[in-house]
Amino acid sequence: MLDYPLIAALAAVIREGSFEKAARSLHLSPSAISQRVKLLEQRLGEVLVVRDTPCRATPAGLQLCRHAEQVALLERELLASLPQTGRGRPGALRLAVNADSLSTWFIPAAIALSDQDWLLDLSLDDQDHTAERLREGDVLAAVTALAEPLPGCRSLALGCMDYLAVATPAFIARHFAGGLQPGALMRAPCLSYNRRDQLQSRWVRQLTGEGPPLPNHWLPSNDVYLAACRSGMGWGMCPRKLVQAELDHGGLQALSPEPLEVPLYWQAPAQAWALLEPVTQAVVEAARQGLRR
């Protein structure tokens, strides 16, 4: 029989990143948190936490954290169904989403979930890698570019996000006066979010059929990325919705009218699918308004 107060202590350590912060979140002493995690490890015969900065869960620890989140969903549903308790306490919801979605279409979903009394804990990653967070048990559901359901999960198509390669008119005149030739693309600096960001390379391959090495500025912030585009530091791949006004006014220009289409999907564990139905509905409705079908 699992001891849920012990699992709650483990989940707090992983969520907060340290025993001290976990103790503050649960209104306990750090020694009490440490004792609970050690007792859980002794009972299961498994190391559950990598004592590092920040603390990380082992595979067994991640499984327990995911189980705790699903139990919390069940508890929330039960409390909401009991007249004497009303809707129950706010539930924590750990989701993985890519930064461009968060900057564009996902905000209405977040607002709708807040109105449902969810407390959001969003984990940002590239859309090609958010599914890894779900696979590892770090989050309960994810917006991802992966169409194939992960083992034990279900996948639902949300729509397409269109990206355009954009730059300032001056940058285009300086670097691409002779057209979008592979040689020019190899010399003109481009902007990348991080080393997982492959949108620029995919767009060049779609345009030219080749994948030449690209000189990159690495800018892991959406605000800084957009500011760099506007300042003429380089060309970058931006969601059409995010830069449409500047395209209309001429502050930015598209290097090519052809967008790079990135289909997005919603993935969550099959076991928790019914419990997450209100969450899924909020995400699907926001995607319906903000993504292209």
Side-chain angles (χ1 to χ4, degrees), residues 93-110 112-113 120-166 190-207 211 214 216-226 228-229 234-244 254 258-269 273 276 279-280 282-293:
L93 191 61
R94 288 178 57 80
L95 306 175
V97 61
N98 59 309
D100 287 332
S101 289
L102 187 60
S103 296
T104 53
W105 65 270
F106 193 84
I107 291 298
L113 293 172
L120 296 185
D121 185 353
L122 299 182
S123 177
L124 290 184
D125 207 334
D126 184 86
Q127 63 272 0
D128 292 324
H129 299 277
T130 47
E132 293 177 12
R133 305 289 182 94
L134 180 59
R135 181 186 291 111
E136 294 168 355
D138 186 43
V139 297
L140 194 56
V143 173
T144 174
L146 181 66
E148 184 68 21
L150 294 172
C153 291
R154 291 178 61 181
S155 179
L156 179 66
L158 294 173
C160 277
M161 180 173 282
D162 287 345
Y163 286 84
L164 289 173
V166 301
C190 73
L191 310 174
S192 293
Y193 188 79
N194 58 31
R195 283 165 176 77
R196 290 184 162 190
D197 182 4
Q198 297 298 311
L199 293 178
Q200 292 68 225
S201 297
R202 287 170 57 186
W203 177 78
V204 169
R205 193 172 293 110
Q206 173 181 288
L207 182 73
L214 303 175
N216 282 279
H217 293 297
W218 305 104
L219 303 170
S221 161
N222 264 24
D223 290 341
V224 174
Y225 189 100
L226 284 170
C229 276
W235 66 271
M237 299 300 296
C238 296
R240 185 197 296 271
K241 185 175 182 179
L242 206 57
V243 294
Q244 188 61 60
E258 293 299 318
L260 178 68
E261 299 177 350
V262 179
L264 294 176
Y265 302 85
W266 174 249
Q267 290 212 30
W273 194 265
L276 286 170
V279 180
T280 299
V283 172
V284 167
E285 176 59 24
R288 187 180 69 81
Q289 297 291 334
L291 296 177
R292 184 175 54 78
R293 289 290 184 175

Where the side chain of [X] meets the backbone of [Y], is there a donor-acceptor pair that is under 3.5 Å apart?
{"X": "T130", "Y": "D125", "answer": "no"}
{"X": "Q200", "Y": "L214", "answer": "no"}
{"X": "N194", "Y": "R196", "answer": "yes"}
{"X": "Y225", "Y": "L191", "answer": "yes"}
{"X": "R293", "Y": "L158", "answer": "yes"}
{"X": "S155", "Y": "A147", "answer": "yes"}
{"X": "Q127", "Y": "P263", "answer": "no"}

Looking at side-chain heavy atoms only, is the closest gap between [X] and [Y] below 4.5 Å?
{"X": "L156", "Y": "V284", "value": "yes"}
{"X": "C238", "Y": "C229", "value": "yes"}
{"X": "D128", "Y": "R202", "value": "yes"}
{"X": "W105", "Y": "V143", "value": "yes"}
{"X": "V97", "Y": "L124", "value": "yes"}
{"X": "W266", "Y": "T280", "value": "yes"}
{"X": "P269", "Y": "L134", "value": "yes"}
{"X": "P259", "Y": "R240", "value": "yes"}

Just how far is it from atom [atom1] of [X] to atom [atom2] of [Y], taken to the nearest 0.5 Å?
{"X": "L113", "Y": "L95", "atom1": "CG", "atom2": "CG", "result": "7.0 Å"}
{"X": "K241", "Y": "S103", "atom1": "NZ", "atom2": "OG", "result": "11.0 Å"}
{"X": "Y163", "Y": "D100", "atom1": "OH", "atom2": "CG", "result": "3.5 Å"}
{"X": "C153", "Y": "Y265", "atom1": "SG", "atom2": "OH", "result": "15.5 Å"}
{"X": "L219", "Y": "S192", "atom1": "CG", "atom2": "OG", "result": "8.5 Å"}
{"X": "N216", "Y": "S201", "atom1": "CG", "atom2": "OG", "result": "7.0 Å"}

Do R133 and R94 pass the side-chain contact (heavy atoms from CB on, under 4.5 Å) test, and can you show the C-alpha distance, the side-chain angles, and the key distance before you say yes or no?
-> CA-CA 10 Å; R133 305 289 182 94; R94 288 178 57 80; over 6 Å; no
State, to 0.1 Å, how close [X] and [Y] come at their nearest heavy-atom pair, and which atoms those are.
{"X": "W203", "Y": "E258", "value": "NE1-O, 3.6 Å"}
{"X": "R205", "Y": "G211", "value": "NH2-CA, 4.0 Å"}
{"X": "L276", "Y": "A268", "value": "CD1-CB, 3.8 Å"}

Hey, are E285 and R288 close enough for a salt bridge, meaning a charged N less than 4.0 Å from a carboxylate O?
-> yes
Does the side-chain contact (heavy atoms from CB on, under 4.5 Å) test come out yes or no for N222 and L102, once each step is laid out?
-> CA-CA 10 Å; N222 264 24; L102 187 60; over 6 Å; no
